[in-house]
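I have placed the structure first, in the form of structure tokens, so that the comments after it can refer back to it.
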2 protein chains.
Amino acid sequence: MTKITARQIAAQTGVSIATVSRTINNNGYVHADVRARIEAAMRDLGYLPNQAARNLATGRTRTVGLVLQTLHSPAFVDMTEAIQMTLREKGYFLLMCNTQFNQQIETDYLRLVQSGMLDGMITNAINDTATEMRQLVQQNYPIVFINRSLSGIEGQPTRTGFVQMDLQHATFLATDYLAGLGHRRIGVMTGDMQLSTQQRRLGGYREALQARGIEFDPLLVRAVAVNRHEAVEAGQLAPKNANALHEATVQATGEFLTAIPDVSALIVIYHTMLPGVLQAIRQMGRRVPHDLSLIAFSDFPMAPFLDPPLTVVAQPSTEMGHKAADMLVALIEQPSQPAQHVLLKPELIVRQSCKPYP
Amino acid sequence: MTKITARQIAAQTGVSIATVSRTINNNGYVHADVRARIEAAMRDLGYLPNQAARNLATGRTRTVGLVLQTLHSPAFVDMTEAIQMTLREKGYFLLMCNTQFNQQIETDYLRLVQSGMLDGMITNAINDTATEMRQLVQQNYPIVFINRSLSGIEGQPTRTGFVQMDLQHATFLATDYLAGLGHRRIGVMTGDMQLSTQQRRLGGYREALQARGIEFDPLLVRAVAVNRHEAVEAGQLAPKNANALHEATVQATGEFLTAIPDVSALIVIYHTMLPGVLQAIRQMGRRVPHDLSLIAFSDFPMAPFLDPPLTVVAQPSTEMGHKAADMLVALIEQPSQPAQHVLLKPELIVRQSCKPYP
DNA sequence: CTAAAATGTGTAACCGGTTACATGTGGTAG
DNA sequence: CTACCACATGTAACCGGTTACACATTTTAG
């Protein structure tokens with residue numbers, strides 16, 4: 001564990017550390033012979049430049065953060081892997097974080113950008129109200145939001161980017177499909193209503209209802225709010241929190257279906273809620289799709305093998321990951337400019353969890 | 001984006017940067033009044049210490065790496081989240097990486113430890129033959145292996161730890177259960193045979209067969225080798241690779257069941273192969289559990305809702321994650337010592353994908 | 001043949017903290 | 001009253017690189 005330094009390489013080769021540095025970074029002029037000798041010495045001694053020193057000297061780390069709420073969602077996993085691969089191609093590392101819906105963790109990671117440990121960050125985890133985040137944006141740190149928006153920065157030159165799936169269209173697709181099958185009482189199981197995304201999601205729902213001449217009934221939208229605030233207050237960590245969400249979902253779904261028995265179709269917005277919803281349905285003795293049609297968000301490899309095979313609205317997660325990473329790197333490496341937006345389309349994948357209203 | 005430095009805080013408060021540093025790190029003596037003034041100044045100016053500088057000065061980063069092959073496995077996701085939570089409690093950050101079975105990526109991340117960017121690392125991704133990894137271990141860098149072993153370091157003082165599920169027992173449980181149901185021709189779908197884990201997995205299989213007086217037939221073990229080497233050669237990245245594995249699994253399973261039609265039960269070792277196996281079974285028109293009993297490894301939230309509900313051998317993933325993180329932090333913060341081993345037990349969760357041999 | 005441009009290399013300042021050591025106070029034990 | 005110690009703070013070396021600048025040598029162009 002003896003640390004080899006550039007100084008030692010320099011001594012060994014009989015040059016100055018400046019020349020060693022030039023060789024490492026492949027900039028400036030270095031004679032081919034000298035370069036070869038330096039590289040040989042580096043290889044022989046197993047030298048690797050100290051990253052902390054480089055970071056300090058250059059003011060960059062070539063590391064970016066990815067802050068997500070959870071990885072228990074195949075869409076996020078796909079996105080994560082896509083982001084990582086793209087970043088790698090561009091020479092960046094990824095520091096990852098799941099907040100588990102804990103806002104404190106979000107804030108801590110934001111600080112990492114300000115403390116110079118991260119060159120930028122990609123996130124879907126930020127509540128719009130977070131003033132910390134606004135501050136970061138204002139201070140011109142490169143940030144890409146996934147499926148989130150941030151008001152009040154329009155037209156301003158910042159280093160902010162947005163990659164979004166068309167959430168409104170996603171719920172529209174699901175709702176329209178169900179309405180087309182004759183369903184009128186279409187329930188929605190969703191999460192934290194505070195998020196800016198909820199408006200767009202519900203917008204698509206209402207749009208589809210309206211187009212079909214169905215009246216919107218707010219009672220049909222049920223939010224299971226195991227959100228960051230509760231999680232923080234309860235001091236809950238990952239596994240506990242996951243269970244809490246599951247239990248809450250089972251209970252909420254049960255109550256919902258009992259209270260509004262004429263619901264004939266259900267849209268499940270968050271993948272993490274799906275097992276809970278399925279369990280509640282099973283416990284109540286209702287059967288999909290005979291007694292209840294079901295559409296979930298995000299496709300996943302096991303969806304065709306569920307009982308019944310699940311109809312879903314799929315997100316272009318991998319593509320979103322690539323775009324987000326591309327965008328962030330551009331923001332890091334270029335001067336600030338008005339925010340970029342990328343909007344990708346969801347897709348309805350019909351399997352067998354919905355059937356026409358009798 | 002004006003950077004505030006400790007120097008400025010010092011000037012503002014009328015003290016030296018040493019005192020500011022003492023305040024930040026809460027060590028040495030600082031007068032309570034002075035401390036209060038410094039903290040106020042830091043808050044007012046929104047000061048955050050530069051991490052690169054701290055890393056350079058202290059020789060530590062409080063960041064550790066987690067290198068996994070993929071996140072498309074709920075067990076890994078659970079483990080990842082557990083690791084992250086534990087590390088966070090202890091004041092460490094997590095730099096994550098999915099290798100996508102690409103050995104080059106593994107090696108790159110190993111270098112990050114040697115280059116001082118990471119204080120240590122947790123990994124399950126390393127092929128035993130990797131000389132790079134041995135070198136790292138020999139050089140006393142803190143490393144925790146998950147479900148991997150490394151020969152030749154027994155008794156030596158290193159900073160190495162091992163967290164393993166009892167793989168042999170896991171396959172034993174599955175095999176014994178199936179044999180107990182009367183199955184004699186029990187197939188195994190697995191992955192890369194090069195990995196040290198395969199011996200232990202097959203060990204449990206053979207042990208259970210022997211105990212039941214069933215002869216071992218090597219033809220019943222089928223490896224689908226979409227491994228790192230192939231992936232690297234083909235230059236494949238994440239999504240392509242995932243598809244490649246899926247296609248290869250479908251084809252291999254189909255061939256396997258056609259070639260050996262008297263296989264009445266199947267054990268699927270890798271979760272990532274499960275959709276492919278299920279698809280092949282479906283394509284062949286065989287039905288689970290009537291025509292074929294099935295046991296998979298790793299439980300997952302959707303398992304009870306598959307058709308049929310899936311019997312699995314569950315890993316204690318969350319616990320493994322906690323242990324691994326604890327162990328790594330201990331290795332980082334304490335002098336080297338003989339390698340620690342933690343062995344956790346798997347658990348058979350019986351659902352409805354197996355039935356007695358007719 | 002000479003001036004300008006390109007090539008090659010070293011010196012030293014700098015990145016922004018941490019920390020060993022020196023210095024100086026005031027309180028307390030002997 | 002003196003010696004010693006706890007407390008408080010500053011000075012400056014150091015962590016290990018990067019890079020602007022100066023200087024020397026070689027090419028190239030006119």
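Chain letters run A, B, ... following the sequence lines, proteins first and then strands; every chain starts at 1. Just so you know, these numbers come straight off a predicted model, no measurement behind them. Just the heavy atoms: all of them, side chains too, but no hydrogens, waters or symmetry mates, feed the values below.
- Side chains of Arg88(A) and Gln104(B) form a contact here, defined as non-hydrogen atoms less than 4.5 Å apart.
- With salt bridges taken as basic N to acidic carboxylate O contacts below 4.0 Å, none links Glu333(A) and Lys90(A).
- Side-chain atoms of Arg22(B) and base atoms of dG10(D) include a donor and an acceptor less than 3.5 Å apart.
- For Asn50(B) and dC15(C), the shortest distance from a side-chain N or O to OP1 or OP2 is not below 4.0 Å.
- Contact check, Tyr29(B) against dC7(D): a side-chain N or O comes under 4.0 Å of OP1 or OP2.
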Kindly indicate, with the supporting measurements, whether the criterion side-chain hydrogen bond (donor to acceptor under 3.5 Å, both in side chains) is fulfilled by Thr23(B) and Arg37(B).
CA-CA 10 Å; Thr23(B) 303; Arg37(B) 267 168 39 225; over 6 Å; no
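- Not one side-chain nitrogen or oxygen of Thr58(A) sits closer than 4.0 Å to the OP1 or OP2 atom of dG17(D).
- Of the candidate nucleotides dG17(C), dG17(D), dC15(D), dG17(C) has the atom lying nearest to any side-chain atom of Ala6(B).
- At the heavy-atom level, Val34(A) lies under 4.0 Å from the strands shown only through sugar-phosphate atoms.
- Listed pair Asn55(A) / dC15(C) fails the phosphate criterion, with no side-chain N or O lying under 4.0 Å from OP1 or OP2.
- Summarising the geometry, the separation between CD1 on Ile24(B) and C1' on dT19(C) is reported as 13 Å, rounded to the nearest angstrom.
- Regarding His31(A), its NE2 atom lies at a distance of 14 Å from the C1' atom of dT27(D), rounded to whole Å.
- Within 4.0 Å of Val15(A), counting heavy atoms only, lie sugar-phosphate atoms of the nucleic acid but no base atom.
- Rounding to whole angstrom units, CZ of residue Arg7(A) and P of dG10(C) are separated by 14 Å.
- Taking atom CZ of Arg37(B) as the reference point, atom C1' of dT9(D) lies 12 Å away to the nearest angstrom.
- Mapping Ala57(B) and Gly14(B) onto DNA chain D by nearest heavy atom places Gly14(B) at the nucleotide closer to the 5' end.
- Counting heavy atoms from C-beta on, the side chains of Leu66(A) and Cys97(A) never come closer than 4.5 Å.
- We find that CD1 of Ile17(A) is positioned 9 Å from C1' of dA12(C), with the value rounded to whole Å.
- For the pair Met42(A) CE and dG16(D) P, the computed distance is 17 Å after rounding to whole Å.
- Contact between the side-chain N/O atoms of Thr5(A) and the OP1/OP2 oxygens of dG16(D) is not found at any separation under 4.0 Å.
- Taking atom CD1 of residue Ile4(B) and atom C1' of nucleotide dC15(C), one finds them 16 Å apart after rounding to whole Å.
- Atom CG of Leu48(A) is separated from atom P of dG17(D) by 10 Å (rounded to the nearest Å).
- Each of Gly28(B) and Thr19(A) was matched to the nucleotide of DNA chain D holding its nearest heavy atom; the match closer to the 5' end belongs to Gly28(B).
- In this structure, Ala18(B) reaches the bases: a heavy-atom distance under 4.0 Å links it to at least one base atom across the strands shown.
- In this structure the side chain of Thr123(A) reaches within 4.5 angstrom of the side chain of Met133(A), judged on heavy atoms.
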